[in-house]
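Below is one structure, written out as structure tokens; the observations come after it.
Heavy-atom basis, side chains included; hydrogens, waters and symmetry copies ignored. Sequence lines set the chain letters: A, B, ... in the order given, protein chains first and strands last, and positions in each chain run from 1.
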Amino acid sequence: MRIVLPALLGLGVVLTGCGGSSSSSSDNGSGGGQPGATQVSIPFRAMVGNEPFECGRTYAGIGLNGGNNAVGNDARLFIHNVRFVTNDDREIPVTLDDQVADHQKAGAGEEGIALIDLRDKSLGCTGEDANPDYYDTVTGRADIADENIRALRFSVGVPEKYNHIDAQGGQPQIDADSGEPIPGSEATGPLIASGMGAGGMHWSWAMGYVHARLEMQVPASSNVFYIHLGSTACEGEAVNGERTCANGNRPDVEVDGFDLRQHVVRMDLASLLSGNDITVNQGGPFGCMSSDVDLDCLPIFERLGLPFPGGDPDGDFAPVFSAVDAD
Amino acid sequence: MIPTRLFLPALCLLLAACGGGSSTRVDDQNASASDFNWNMPGWVPLPMEPANNRITEEKFQLGRHLFYDTDLSGNGTISCESCHQQDKAFTDGRVRPVGATGEVHPRNAQSIANAAWLRTLTWGNPALTEIEQQIVVPLFGIDPVEHGINEANQDMVLARLQEKPEYQSLFAAAYPEQDDPLFGELAWQNIVRSLSSFVRGITSFRSDFDRYNAGEVGALSASAKRGMNLFNSERLECFHCHEGYTLTASVRDRRITPTVPAPFNNTGLYNIDGISGYPAPNTGKYELSGNPADMGRFRPQSLRNVALTAPYNHDGSTATLRDVIRNYAAGGRNITTPPHVGDGRMNVNKDPFIVSFTISEAEIDDVVAFLESLTDHELIDDPRYSNPWLEVTVQDTAP
């Protein structure tokens with residue numbers, strides 16, 4: 001049974017140290033947990049090749065076999081364990097702010113979770129011409145003022161510790177031995193916002209979150225080509241906090257050369273789909289919902305660096321995540 | 001944080017599961033106390049309830065209205081009742097049900113009576129242990145689409161419910177502690193919890209078999225009694241998986257916290273390509289666990305009301321109870337014509353209790369008579385579980 005109290009206490013110290021700051025850059029923390037930490041803002045952009053991802057917009061040449069037209073339909077992902085990498089390969093964690101309650105869960109490592117929603121505000125993704133949940137910039141603090149940074153790293157998805165909690169909120173996990181609630185196991189921030197009603201980012205059938213939900217609609221077949229990442233091959237009682245999954249399916253991403261002062265993190269759906277014929281469904285639901293027997297997942301998992309039967313997670317593909325100039 | 005307990009201390013040692021009739025109980029620290037009308041004999045142990053959704057009559061009645069309301073679907077075409085019809089013990093009589101958008105569900109609709117006692121709530125998913133978790137799957141799921149409620153239409157769906165005068169008072173009564181339970185931010189949570197309360201409150205323990213167990217020896221025919229003995233024999237072995245007062249080994253109640261994993265069994269229905277495969281996506285527990293030993297393992301069904309719930313098995317692929325018994329008598333199902341050719345009798349995951357046995361047609365008649373004695377004839381027209389919107393119509397047209 002996991003005991004998370006020490007981690008929560010640590011989180012409290014961090015919150016005391018840097019909560020509430022609204023300055024975009026400061027070399028000194030206001031006392032407490034992270035003296036010298038720098039406020040950082042890490043912007044994400046969904047792209048389709050070199051074009052910005054827009055809901056309802058048609059993109060040509062997507063995928064294999066000469067490419068096909070595809071229409072932007074969804075672009076959301078959880079990330080956690082955000083950190084910078086120095087030139088001498090040390091990792092410096094980013095402690096996420098909790099300033100946007102529905103989008104960030106404060107903390108570092110697996111405690112710091114953000115829901116990035118890159119469905120733009122045009123008509124298409126949400127059925128309305130505005131998306132109030134749009135959220136593209138992760139904010140936090142990191143001790144990088146005197147460091148030479150060569151890369152950004154983060155993990156996509158909800159960490160296993162939180163992946164099987166009650167997404168509808170209100171019900172903590174219960175320790176099977178003691179009968180007591182497991183501290184910290186109630187959904188908060190983005191973990192509850194995505195579970196209430198048809199939140200779209202919870203995989204209720206598998207009792208876990210949707211780590212990433214990336215979708216392109218295919219006009220040729222009027223299907224949606226789904227890419228829903230979620231953990232699979234799971235065992236154990238979720239209500240007792242005992243559920244674990246053999247296939248976490250949480251890509252660990254390195255954005256090489258990332259420079260806070262000039263770059264955004266580009267997530268390229270064209271690269272992600274470059275190994276699929278998006279007009280063809282090779283099994284299971286249309287596209288890839290993470291099943292390891294759905295062959296549509298093979299090229300997608302390869303491009304995300306995830307293991308897949310018969311796939312090459314170390315293959316040389318155009319990166320899905322990369323650093324590009326802000327504008 | 002307020003300490004809450006989902007699992008109550010297991011102090012009750014009364015294990016007369018099928019004994020019936022006894023009114024003597026040991027002290028179970030109020031585990032058997034409930035103000036709610038469970039509509040069942042006193043010998044039945046109360047089911048588990050989540051600490052954050054204690055059942056009340058008001059939630060039950062709100063859930064009953066929602067259960068029968070086609071406005072609780074994306075395009076207003078189906079309700080929970082569409083696949084869970086009272087006259088069929090809350091199944092739909094089809095091989096496989098159809099969702100709001102026409103998508104065919106891969107699995108057979110199952111009865112929801114006595115769902116409160118089940119350890120897991122669907123055919124092959126060990127993860128779904130709480131009704132509150134399960135309800136969101138048909139409401140919001142996309143693979144397959146059932147009610148078809150999604151992010152784009154959920155506000156519209158909610159608005160349709162908010163327009164109905166009945167719901168103003170039903171929501172207020174069910175959630176008196178909330179300022180605005182129908183229009184507030186907890187509206188969907190309230191819907192899910194009320195539906196769960198209605199489903200949890202549908203109980204069925206009024207069969208001839210129950211009357212027989214209560215001492216009414218004439219409640220079972222001679223044929224049904226012979227069938228009961230066959231059912232419980234070491235020749236047929238049925239009782240190992242369909243045991244106790246719910247007629248399934250997948251059972252929990254307030255007396256005991258099971259420590260063994262929830263049961264899932266392979267009954268030798270398929271053996272595609274001779275490698276023990278089951279046709280996707282109906283691979284049973286394997287779909288979630290990824291463990292090859294779980295291929296084709298499904299939850300043992302409660303046999304209460306089974307005579308009303310044809311067709312049978314997880315994919316509706318067995319038409320009648322006689323066919324089910326014949327499959328078991330053969331020790332599995334040998335399919336010789338496409339598309340799922342294979343000898344299920346040789347499936348490596350097959351449960352060791354699925355052994356072939358010899359049975360005469362007369363004996364099959366007896367086993368079927370016993371299974372028919374498990375029907376709760378009061379359930380299927382019990383006004384407590386019926387469509388409340390029809391009542392309103394009748395009242396409105398009365399002089």
Side-chain angles (χ1 to χ4, degrees), chain A residues 74 119 124-128 131 133 164 166-176 178-181 183-186 192 194-208 224 226 228 232-240 243 245-247 283-286 289 291-294, chain B residues 1-9 50-53 74 119 122 125-130 132-144 147-158 185-189 191-193 257 259 261-262 280-281 283 285-291 294:
Chain A
D74 210 331
R119 299 173 300 176
C125 293
T126 63
E128 296 176 16
N131 174 18
D133 297 327
H164 309 293
D166 175 17
Q168 297 170 63
Q171 182 68 55
Q173 292 172 318
I174 305 293
D175 186 293
S178 69
E180 296 297 325
S185 65
E186 282 187 73
I192 189 170
S194 51
M196 189 79 79
M201 292 299 283
H202 190 252
W203 192 8
S204 52
W205 173 247
M207 268 306 291
V224 173
Y226 298 109
H228 293 184
T232 63
C234 309
E235 305 251 29
E237 300 289 350
V239 291
N240 296 135
R243 194 163 179 77
C245 302
N247 303 325
F286 207 86
M289 292 193 187
S291 165
D292 66 4
V293 294
D294 184 342
Chain B
M1 185 170 295
I2 301 167
T4 53
R5 285 171 185 267
L6 186 59
F7 300 106
L8 294 161
N52 65 357
N53 191 24
R119 290 191 61 189
T122 65
N125 188 337
L128 292 173
T129 57
E130 310 298 325
E132 285 77 3
Q133 298 165 349
Q134 193 277 332
I135 291 271
V136 301
V137 174
L139 289 182
F140 306 123
I142 60 171
D143 180 34
H147 287 241
I149 303 173
N150 55 41
E151 287 171 277
N153 64 30
Q154 64 177 339
D155 290 344
M156 179 190 70
V157 171
L158 193 55
E185 62 180 9
L186 294 178
W188 279 113
Q189 188 180 81
I191 289 168
V192 169
R193 291 183 180 184
T257 302
T259 52
T283 54
K285 190 182 178 189
Y286 170 84
E287 183 193 349
L288 278 295
S289 75
N291 180 351
D294 289 333

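Neither the backbone nor the side chain of B:A280 has a heavy atom closer than 4.5 Å to any heavy atom of chain A. If you measure heavy-atom distances from B:I191 to chain A, you find no contacts under 4.5 Å at all. Contact annotation for B:N52: both backbone and side-chain heavy atoms come within less than 4.5 Å of a heavy atom of chain A. Using a 4.5 Å cut-off between heavy atoms, B:V192 touches chain A through its side chain atoms alone. For B:Q134, no part lies under 4.5 angstrom from a heavy atom of chain A. With a threshold of 4.5 angstrom between heavy atoms, A:A246 does not approach chain B through any atom at all. Contact of B:N153 with chain A is not made at all, since no heavy-atom distance falls under 4.5 Å. Residue A:F286 does not touch chain B at all, counting heavy-atom pairs closer than 4.5 Å. Interface residue B:S289: backbone and side-chain heavy atoms are both found under 4.5 Å from chain A. In this structure, chain B has a heavy atom under 4.5 Å from the side chain of A:H228, while its backbone stays farther away.
Without hydrogens or angle criteria, A:Q171 side chain to B:P50 main chain gives no donor-acceptor distance under 3.5 Å. Remark: the backbone N or O of A:Q168 is paired with a side-chain donor or acceptor of B:Q189 at under 3.5 angstrom.
In this structure, CE in A:M207 is found 8.5 Å from CD in B:E130, a value given to the nearest 0.5 Å.
A side-chain contact (heavy atoms from CB on, under 4.5 Å) with A:S204 holds for exactly one of B:V137, B:L139, B:L128; it is B:V137.
Annotation: salt bridge (Lys or Arg N to Asp or Glu O under 4.0 Å) contacts of B:E151 (sequence neighbours excluded): A:R76, A:R119.
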